[in-house]
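Written out below as structure tokens is the structure these notes cover.
Reckoned from all heavy atoms, side chains included, excluding hydrogens, waters and symmetry mates. Only a predicted model underlies this, so the values are computations on that prediction, with no experimental measurement involved. Note on naming: letters A, B, ... go to the chains in the order of the sequence lines (proteins, then strands), and numbering restarts at 1 for each one.
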There are 2 protein chains.
Amino acid sequence: MSTDPVWPEEIFTDLDRSGPVPLYFQISSRLERAIREGVIPAGARLENEISIGERLGLSRPTVRRAIQELVNKGLLVRRRGIGTQVVQARVSRPVELTSLHEDLTRAGHRPSTRVLSLERIAADEHEAQRLQVEPGTEITRLRRLRSTDGTPMAVLENLLPPEFTDITAETLEAHGLYELLRKRGVTIKIANQVIGARRTHGDEHELLDIPKGSPLLTMDRVAFDHGGRVIEAGHHCYRPDLYSFETTLVSR
Amino acid sequence: MSTDPVWPEEIFTDLDRSGPVPLYFQISSRLERAIREGVIPAGARLENEISIGERLGLSRPTVRRAIQELVNKGLLVRRRGIGTQVVQARVSRPVELTSLHEDLTRAGHRPSTRVLSLERIAADEHEAQRLQVEPGTEITRLRRLRSTDGTPMAVLENLLPPEFTDITAETLEAHGLYELLRKRGVTIKIANQVIGARRTHGDEHELLDIPKGSPLLTMDRVAFDHGGRVIEAGHHCYRPDLYSFETTLVSR
DNA sequence: GAGTGGTCTAGACCACTGA
DNA sequence: CAGTGGTCTAGACCACTCG
């Protein structure tokens, strides 16, 4: 009890018990902001779960769940018999279920997209397998060039199942694929990703303005809805000098 | 209630209420095995949480926690008002807080390691910053070649802080770095990773038996203990035809 | 021994879904 | 409407760490 594991009271004013936002989420998001802004410094110890609950008028499981969220994000470390501490390590944004377009916008950049091709085709064997449809099914094949602040950054190739054959190039140049899918009520529940590297093929070096045969960082993704249906299958390649994948791993 | 969301009773026999293994973990791990082995098929619906609890003599929060584990792993999908279903999509192993050596062993391969160099040096500015020590501190610099079934696969460069200056090349050729650290009671709590790509430098193409200037998949990692101290900083490069990073992402 | 997080119980009310 | 998961409460006992 020599150290004072407290924080400014005002972090947790105005908890809304009637609205739709869960209490544990209100707690964890405010706590996260306070940590990221340095209001609660790295290495600081939190109060124990029970007294936090008493101060806020919450039960221990609710407080505990809020803290668990930040433990999972790698912002806090809990140790039995010791307490809860703010992590010293700089935390990077995890690989999330978001699109490149959204990642860039959030990072303060202004992404732009050029649709290189947008075709409705009959799926060949390989494409049909990726989308889990019958070969010959009419699907959408899409190829885009994504730039950031005017610099070409990635070539995005995507396959879409039959239900999305009405997407137009104009909307794609303005809005990012995932944003369009969400607007149609399509929810991505799970995605499998494989990250790798290879040389440029075909016209990729011209599109990305790099030497022919240069290394590319690649990401292959298949996204599923709640029923296990494939929503989208993508093969993306990035200029490795402009893009990389960051993750924070937390031991369980 | 038309579908019968049940499973073989024998999955959950022999729950151990006195041992050190939490009940929720016993449930989730057995359930995971049953799903991975196909005993519970993809798309099957689970019973609701309350009746599972009654059948097993457990409270709802305990059952719920077990299910949540598998939702987080991407094996189950829960929807309010609907129920819980086994995911249809094939699930890949997530990027975990494990070493390459352990990943390979678990995948049934026989990794071998050649220690290329193992030096105790005074940290230059850049190395000191990565390990978060003072420049000039005596650290360990380590360079290894990791092969699988005889084929060279990755060049692993690591920096270790002063407390590990007594590690020998012999133990490193047999045991993998993380295994050695764990044996000394060192626990890695958090790691930041950046995955990227670049050309080969220096002698890397010779070591990996690929053309000079070929693409490499790279991973930079800094691992921390519970107190935020750096345990290890690594720069690894992999032959992209032999290695890639797989992840399953689950929407929150 | 005092204090911490880890686990577990037995209820409760609500929001959402489908028939 | 009944059934589902999402949230929340108010306790309890335990294992672990430290002084």
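- Here D/dA10 presents its P atom at 14 Å from CG of A/Leu56, a figure rounded to the nearest Å.
- Remark: B/Arg80 engages no residue in a salt bridge (Lys or Arg N to Asp or Glu O under 4.0 Å) (not counting sequence neighbours).
- Within residues 59-68 of chain A, the residues approached by DNA chain C to less than 4.0 Å at the level of any non-hydrogen atom are A/Arg60, A/Arg64, in residue-number order.
- In this structure, A/Glu69 places its CD atom 15 Å from C1' of D/dC8, rounding to the nearest Å.
- Here the nucleotide nearest the side chain of B/Pro22, chosen from D/dG5, C/dT4, C/dT7, is C/dT7.
- Here A/Asn48 reaches the OP1 or OP2 of C/dT4: one of its side-chain N or O atoms lies under 4.0 Å away.
- Taking atom CD of residue B/Glu49 and atom C1' of nucleotide D/dT7, one finds them 11 Å apart after rounding to whole Å.
- Between the C1' atom of C/dG5 and the CD atom of A/Glu47 lies a distance of 15 Å, rounded to the nearest Å.
- Atom CZ of B/Arg45 and atom CD1 of B/Ile40 lie 13.5 Å apart (nearest 0.5 Å).
- A/Phe25 has its CZ atom 17 Å from the C1' atom of D/dC8, to the nearest Å.
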Enumerate the protein-to-nucleotides 14-18 of chain D contacts in which both atoms are nitrogen or oxygen and the separation is below 3.5 Å.
residue, atom, partner, partner atom, Å
D/dA15, O4', A/Arg80, NH1, 3.4

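- Distance, A/Glu54 CD to C/dG3 C1': 14 Å, rounded to whole Å.
- Other residues, nucleotides and ligands contribute more than 12 heavy atoms inside 6.0 Å of the CD atom of B/Glu37.
- Under the 3.5 Å distance criterion, with hydrogens and angles disregarded, a donor-acceptor pair is assigned to the side chains of A/His226 and B/Arg79.
- A donor-acceptor distance shorter than 3.5 angstrom exists from the side chain of B/Gln85 to the backbone of B/Gly43, with no hydrogens or angles considered.
- A/Tyr24 has a side-chain polar atom (N or O) that falls below the 4.0 Å cut-off from OP1 or OP2 of D/dT7.
- If you check every strand for non-hydrogen atoms under 4.0 Å, B/Ile50 touches nothing.
- The interatomic distance linking B/Leu23 (CG) with C/dG6 (P) rounds to 17 Å, in whole Å.
- Among the heavy atoms of the strands lying under 4.0 Å from B/Leu58 are primed sugar atoms or P, OP1, OP2 only; no base atom is included.
- Atom-to-atom, CG of A/Leu46 to P of C/dG3 comes out at 18 Å; the value is rounded to the nearest Å.
- Atom CD of A/Gln129 is surrounded by 12 or fewer heavy atoms from other residues, nucleotides or ligands within 6.0 Å.
- Looking at residues two or more places apart in sequence or on another chain, you find no salt bridge (Lys or Arg N to Asp or Glu O under 4.0 Å) involving A/Arg17.
- Residues meeting the salt bridge (Lys or Arg N to Asp or Glu O under 4.0 Å) test with A/Glu157, sequence neighbours left out: A/Arg143.
- In this model, the phosphate group of D/dT9 is approached by a side-chain N or O of A/Arg17 to a distance below 4.0 Å at OP1 or OP2.
- By the salt bridge (Lys or Arg N to Asp or Glu O under 4.0 Å) test, A/Asp166 pairs with A/Arg184, sequence neighbours left out.
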